[in-house]
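Dropping the structure in here first, questions after.
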Amino acid sequence: MTLRNAPPPRQPGLDDTTFLVCIGAAKCATSWLHAYLCDLPGCAPSPLKEVHFFDARHPEHALGDPDALALARLKFHLDQPGATADTLKRSPAFRASLDRVQMVHDDSAYFLHFAGLRGPDTRCVADITPGYSAIGPAGLADIRDVFAHQTCRLRLLFIMRDPVTRFWSQLRHLEQIAPDTRATQDWDRVRHMPALVARADYTGIVTALDATFPAGDVLYLFYETLFTEAAQRRLCEFIGLPHAPADAGTVRNETTLKAPLPRDARDALAAQLAPHYAFCRDRFGAEVPTGWQD
């Protein structure tokens, strides 16, 4: 998917609305975050959770084909036993999947999708797609430019996690969904995959966010403290909604493949990711959780 002409025209249905775009990182509790925001009064995240609009426009480091995924997801709904026009039109997941397919050839369908989620009390809509962390500076600039003609308030969220722990969690998840990758067994090869390296590049992601968006429009949180009331209050204030308690005990989208991290893999990943530990400690100081490895 690429931008065909000018950015989509203003969508009046989003006027005076906060539009939260969470760009990741992968395996940083974004599924839990989606569930929390779904229950937060005044917030309407996409039922898809991961819309994959901007990484379809910038697919160099996409894990798979986002548009093909959209078509497959729509087919899944159509193929369900008992699926009829009446039952499908009452399904938010089907309507959202239909909207996503429309985005393949119509950029304005992105904003129409979120405008359609608004109710009388909705003050915030949300697209939570960890794959956006890999779209690079040009992709982040594209987010800025695509939103340029909208009058909603764009807010960006990036969640970080101990780099080695997060990377190994992603390798376990990758092997779970694609066993042929042997990601945890052949870790020394897989850890150099450009798509995975891009998702681990906290230095590049944060630097590009800082350069592309005003400081007040970007919030950085950490996985290790995300489940605290303090972090949730920061998030709610950031998107302009009253705080509501979270169910911090429910695990979402947990990777079931429990491969322990070998010592040699830990050492290799620590060396590979050392610049990002140093960058985060310099950029965020005492905000970096004390549990992050040296």
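This chain uses plain numbering: 1 for the first residue, then up along the sequence. All values reported here derive from a predicted model rather than from experimental measurement.
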Should Phe167 and Gln272 be marked as a side chain to side chain contact (heavy atoms under 4.5 Å, CB included) after you check the CA-CA gap, both sets of side-chain angles, and the distance that decides it? CA-CA 11 Å; Phe167 204 109; Gln272 178 179 339; 4.2 Å; yes
CZ of Phe284 to OH of Tyr220: how many Å apart, nearest 0.5 Å?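 Between Phe284 CZ and Tyr220 OH, I get 5.5 Å after rounding to 0.5 Å.
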Sub-3.5 Å donor-acceptor pair from the side chain of Tyr277 to the main-chain atoms of Val164, do we have one? yes
Could you tell me whether the side chain of Glu175 reaches within less than 4.5 Å of the side chain of Leu171, counting heavy atoms only?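 Not in contact.
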State, to 0.1 Å, how close Ala141 and Thr212 come at their nearest heavy-atom pair, and which atoms those are. CA-CG2, 3.8 Å
Do the side-chain N and O atoms of Thr228 and Thr225 include a donor-acceptor pair separated by under 3.5 angstrom?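 Side chains of Thr228 and Thr225: no pair found under 3.5 Å.
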So do Gln80 and Phe94 actually touch side chain to side chain, heavy atoms under 4.5 Å?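 They are not in contact (no side-chain heavy atoms under 4.5 Å apart), so the answer is no.
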Checking Trp168 side chain against Thr184 main chain: does a donor-acceptor pair fall under 3.5 Å?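 Between the backbone of Thr184 and the side chain of Trp168 there is no qualifying donor-acceptor contact (under 3.5 Å).
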With heavy-atom distances below 4.5 Å as the criterion, would you say the side chains of Arg73 and Leu48 are in contact? yes
Heavy atoms only: give me the nearest Asp142-His58 pair and the separation to one decimal. OD2-NE2, 2.9 Å
Is there a path from Leu112 to Met103 through hydrophobic residues (I, L, V, M, F, W, Y) whose side chains come within less than 4.5 Å of each other? no
Should the pair Asp99-Arg95 be classified as a salt bridge under the 4.0 Å nitrogen-to-oxygen rule?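 No, Asp99 and Arg95 are not salt-bridged.
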Are any non-hydrogen side-chain atoms of His52 and Arg100 less than 4.5 angstrom apart? yes
Indicate yes or no for a side-chain donor-acceptor contact from Tyr132 to the backbone of Gly139 under 3.5 Å, with no hydrogens or angles considered.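 Such a contact is absent between Tyr132 side chain and Gly139 backbone.
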From CG (Leu20) to CD1 (Ile239), nearest 0.5 Å: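 Answer for the CG-CD1 pair, Leu20 versus Ile239, is 6.0 Å.
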Is there a side-chain contact between Phe213 and Ile143, using heavy atoms and a 4.5 Å cut-off?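 Of all side-chain heavy-atom pairs linking Ile143 with Phe213, at least one is under 4.5 Å.
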Between Asp15 and Arg10, does any side-chain N to carboxylate O distance fall below 4.0 Å?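 Salt bridge present between Asp15 and Arg10.
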Are side-chain N/O atoms of Arg166 and Gln170 paired as donor and acceptor at under 3.5 Å? yes
Donor-acceptor under 3.5 Å (Gln150 side chain, Gln11 main chain): yes
Look up atom SG in Cys152 and atom CZ in Phe114, then write down how far apart they are to the nearest 0.5 Å.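 Answer rounded to 0.5 Å: 10.0 Å.
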Val101, Leu117: one ILVMFWY side-chain cluster at the under-4.5 Å cut-off?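 No: no chain of side-chain contacts under 4.5 Å links Val101 to Leu117.
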If you group Ile, Leu, Val, Met, Phe, Trp and Tyr by side-chain heavy-atom gaps below 4.5 Å, do Ile135 and Val218 land in one group? yes
Consider only side-chain heavy atoms of I, L, V, M, F, W and Y, link residues closer than 4.5 Å, and tell whether Ile205 and Trp292 are in one cluster.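 Yes, Ile205 connects to Trp292 through the hydrophobic network.
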Donor-acceptor pair, Glu224 side chain versus Arg161 backbone, under 3.5 Å? no
Nearest 0.5 angstrom please: Leu196 CG to Leu63 CG, how far?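 Output value for this atom pair is 6.0 Å.
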Step-by-step side chain to side chain contact (heavy atoms under 4.5 Å, CB included) determination, Phe158 to Leu221: CA-CA 6 Å; Phe158 185 54; Leu221 294 176; over 6 Å; no
Residues Gly131 and Asp55: closest non-hydrogen pair is CA-OD2, 4.0 Å
So which atom in Thr30 and which in Pro130 form the shortest heavy-atom distance, rounded to 0.1 Å?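 Taking Thr30 first and Pro130 second, the nearest heavy atoms are OG1-CG, 3.3 Å.
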Ser97 side-chain N/O to Ala93 backbone N/O, donor-acceptor pair under 3.5 Å: yes
Report the C-alpha distance between Leu88 and Leu98 in whole Å, list the side-chain angles of each, state the deciding distance to 0.1 Å, and finish with yes or no for side chain to side chain contact (heavy atoms under 4.5 Å, CB included). CA-CA 10 Å; Leu88 289 172; Leu98 191 62; over 6 Å; no
Under-4.0 Å salt bridge between Arg153 and Asp16: yes
Correct closest heavy-atom pair for His276 and Tyr202 would be ND1-N, 3.8 Å
Can you tell me if Arg155 uses its side chain to pair, donor with acceptor, with the backbone of Leu219 under 3.5 Å?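 A pair under 3.5 Å: no.
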If you measure only the distance, is there a donor-acceptor pair under 3.5 Å linking the side chains of Thr129 and Asp127? yes
Counting only heavy atoms from other residues, nucleotides and ligands, does the tally under 6.0 Å from CD of Glu60 exceed 12?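 Incorrect, the count does not exceed 12.
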Is it the case that atom CD in Glu237 sees more than 12 heavy atoms from other parts of the structure closer than 6.0 Å?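 No, because the 6.0 Å sphere around CD of Glu237 holds 12 heavy atoms or fewer from other groups.
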Going hydrophobic residue to hydrophobic residue with side-chain gaps under 4.5 angstrom, can you get from Phe279 over to Phe222?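 Shared cluster, yes.
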Applying side chain to side chain contact (heavy atoms under 4.5 Å, CB included) to Arg123 and Thr18, what does each step give before you reach the verdict? CA-CA 6 Å; Arg123 296 165 55 188; Thr18 297; over 6 Å; no
Strictly distance-based, threshold 3.5 Å: is any side-chain N or O of Arg57 a donor or acceptor partner for the main-chain N or O of Phe53?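 Judged by distance alone, no pair lies under 3.5 Å.
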Report the relative orientation of the aromatic rings in Trp32 and Tyr36; use parallel for angles under 30°, tilted for 30 to 60°, perpendicular for over 60°.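 Correct class here is parallel.
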What is the distance from atom SG of Cys43 to atom CG of Leu37, rounded to the nearest 0.5 Å?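 Reported value, rounded in 0.5 Å steps: 4.5 Å.
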Looking only at heavy atoms, what is the nearest atom pair of Leu154 and Val21, with distance?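 Shortest heavy-atom contact: CD1-CG2, 3.8 Å.
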Under 3.5 Å, side chain of Arg233 to main-chain N/O of His243, donor-acceptor pair present? no
Can you find a heavy atom in the side chain of Val206 that is under 4.5 Å from one in the side chain of Met160? yes
Check: Pro8 and Val146 side chains under 4.5 Å, non-hydrogen atoms: yes
Any donor-acceptor N/O pair, Arg199 side chain to Ser133 backbone, under 3.5 Å: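 No: the side chain of Arg199 does not pair with the backbone of Ser133.
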Mind checking whether Asp264 and Trp187 have side chains closer than 4.5 Å, heavy atoms only? yes
Working to the nearest 0.5 Å, report the span between CG of Leu209 and CG of Leu156.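 Rounded to the nearest 0.5 Å, the CG-CG separation comes out at 6.0 Å.
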